[in-house]
Amino acid sequence: IAMALTGWGLWSLVGQQLAGTLAVTVALCFSPWRPRWRFSSAHLKEMWGFSMNVSLAQVVGGASEQILNLLIGTIFGTTALGYFTIALRMVDLVRSLISSAVYHVGLSAFAKLQEKRDAVAAAFLQATRIACLVGFPIGIGMSAVARPLIDGLFGDKWDASIPLMVVLAFEMIPVFYGIFLTSLYRAMNRPSWVLGMAS
């Protein structure tokens, strides 16, 4: 954010990736746990179904993004795809930062309560209310600052991305209703449901 505000433009996205990787690396340095080379067929069988569904959900999600790009490029042309990509990246940057934090917090909280279905339901409802309370203003706010944000980061030659970003920012609003679903399903040992949502 600091790089974007001080005029680094596209390099601020590179800085965001580097800062995130650096933060994870520093956190791991302070962790007392270290992996060891051990193989357990029992653990492999236990984790196989879960991890396969998680991996497939990631593949399907990534493929759907590429199919969307392919369709837009084919139907509207590469110029329109470029404008759409800029708008989508701006919205996705904020959405992925929020989703990543929400996923890990939600997964931990729901997993601790997984044996108490009533407690899980109450926690999910409360978490969704908080997500909507925070997320709705973010979606509306991003649509309001689309013009200064795109002009400031990319210049006025990308003005055609502004209406696209406004629409995509409003599309974030319903996303906050289901932002905890992935962590809930995985915490409740239902990773195939996440794959079903991704499909």
Side-chain angles (χ1 to χ4, degrees), residues 1 16 19-21 23-36 38-65 67-68 88-144 166-199:
I1 293 172
Q16 184 262 334
T21 302
V24 170
T25 303
V26 169
L28 287 174
C29 288
F30 290 101
S31 171
W33 179 82
R34 294 289 181 268
R36 290 184 304 216
R38 288 191 309 179
F39 178 78
S40 167
S41 57
H43 285 108
L44 177 64
K45 288 176 185 175
E46 182 183 344
M47 294 300 295
W48 179 257
F50 189 93
S51 59
M52 188 55 101
N53 279 293
V54 171
S55 298
L56 285 174
Q58 295 287 343
V59 170
V60 169
S64 65
E65 288 179 18
I67 290 169
L68 178 62
L88 184 64
R89 289 292 171 235
M90 296 303 298
V91 173
D92 265 352
L93 181 64
V94 174
R95 183 169 34 205
S96 64
L97 287 171
I98 295 170
S99 296
S100 177
V102 161
Y103 172 77
H104 294 295
V105 170
L107 184 65
S108 174
F110 299 142
K112 287 177 183 174
L113 300 171
Q114 65 181 325
E115 301 300 326
K116 304 171 185 174
R117 295 299 172 105
D118 291 341
V120 170
F124 175 73
L125 185 60
Q126 184 66 21
T128 302
R129 285 178 179 154
I130 293 170
C132 292
L133 184 66
V134 173
F136 288 6
I138 290 174
I140 294 168
M142 284 195 67
S143 67
V166 170
V167 172
L168 290 170
F170 274 112
E171 185 264 339
M172 279 179 65
I173 293 174
V175 166
F176 283 96
Y177 277 113
I179 201 164
F180 281 99
L181 284 175
T182 298
S183 54
L184 174 69
Y185 292 160
R186 288 180 180 162
M188 302 304 291
N189 201 23
R190 297 290 186 272
S192 59
W193 294 6
V194 179
L195 178 58
M197 284 194 319
S199 303

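Index from 1, following the sequence. The structure displayed is predicted, hence computed values, not measured ones. Side chains included, hydrogens not; waters and symmetry mates left out as well; all remaining heavy atoms used.
Taking 4.5 Å as the limit, every side-chain heavy atom of Met90 sits out of range of all side-chain heavy atoms of Val94. Using a 4.5 Å heavy-atom cutoff, the side chains of Gln58 and Val194 are not in contact. Proximity of Leu97 to Gln16: side-chain heavy atoms (C-beta onward) are separated by under 4.5 Å at one or more points. Contact annotation: the side chain of Val134 never approaches that of Phe176 to less than 4.5 Å [non-hydrogen atoms, C-beta and beyond]. Here the side chains of Arg95 and Glu171 are in contact, with some heavy-atom distance below 4.5 Å. In this structure, the side chains of Leu68 and Ser64 stay at 4.5 Å or more apart for every pair of heavy atoms. By the 4.5 Å heavy-atom criterion applied to side chains, Leu125 and Arg129 are counted as neighbours.
Within a 6.0 Å sphere centred on OH of Tyr177, heavy atoms belonging to other residues, nucleotides or ligands number 12 at most. Dense packing is recorded around CG of Leu28, with more than 12 heavy atoms of other residues, nucleotides or ligands lying under 6.0 Å away.
Gln114 and Met188 get closest at one heavy-atom pair: O-CE, 3.6 Å. Among all heavy-atom pairs drawn from Ala131 and Ile179, the shortest one is CB-CG2, 3.7 Å. Contact record, Phe180 with Ala127: CE1-O, 3.3 Å, taken as the closest heavy-atom pair. Minimum interatomic distance between Met197 and Tyr185 (heavy atoms only, all atoms of both residues): SD-CE1, 3.8 Å. What you find for Ser183 and Phe110 is that their closest heavy atoms are OG-CE1, 3.7 Å. Listed here is the closest heavy atom pair of Pro191 and Val54: CB-CG2, 4.3 Å.
Here the CG atom belonging to Leu88 is positioned 11.0 Å from the CG atom belonging to Leu93, to the nearest 0.5 angstrom. To the nearest 0.5 Å, atoms CZ (Phe50) and OG (Ser192) are separated by 10.0 Å. In this structure, the separation between OG on Ser51 and CG on Leu56 is 9.5 Å, given to the nearest 0.5 Å. Distance CE/Met172 to CG/Asp92: 9.0 Å, rounded to 0.5 Å. Interatomic distance, Thr128 OG1 to Leu133 CG, rounded to the nearest 0.5 Å: 12.5 Å.
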- Check step by step if side-chain contact (heavy atoms from CB on, under 4.5 Å) holds for Asn53 and Trp193. CA-CA 9 Å; Asn53 279 293; Trp193 294 6; over 6 Å; no

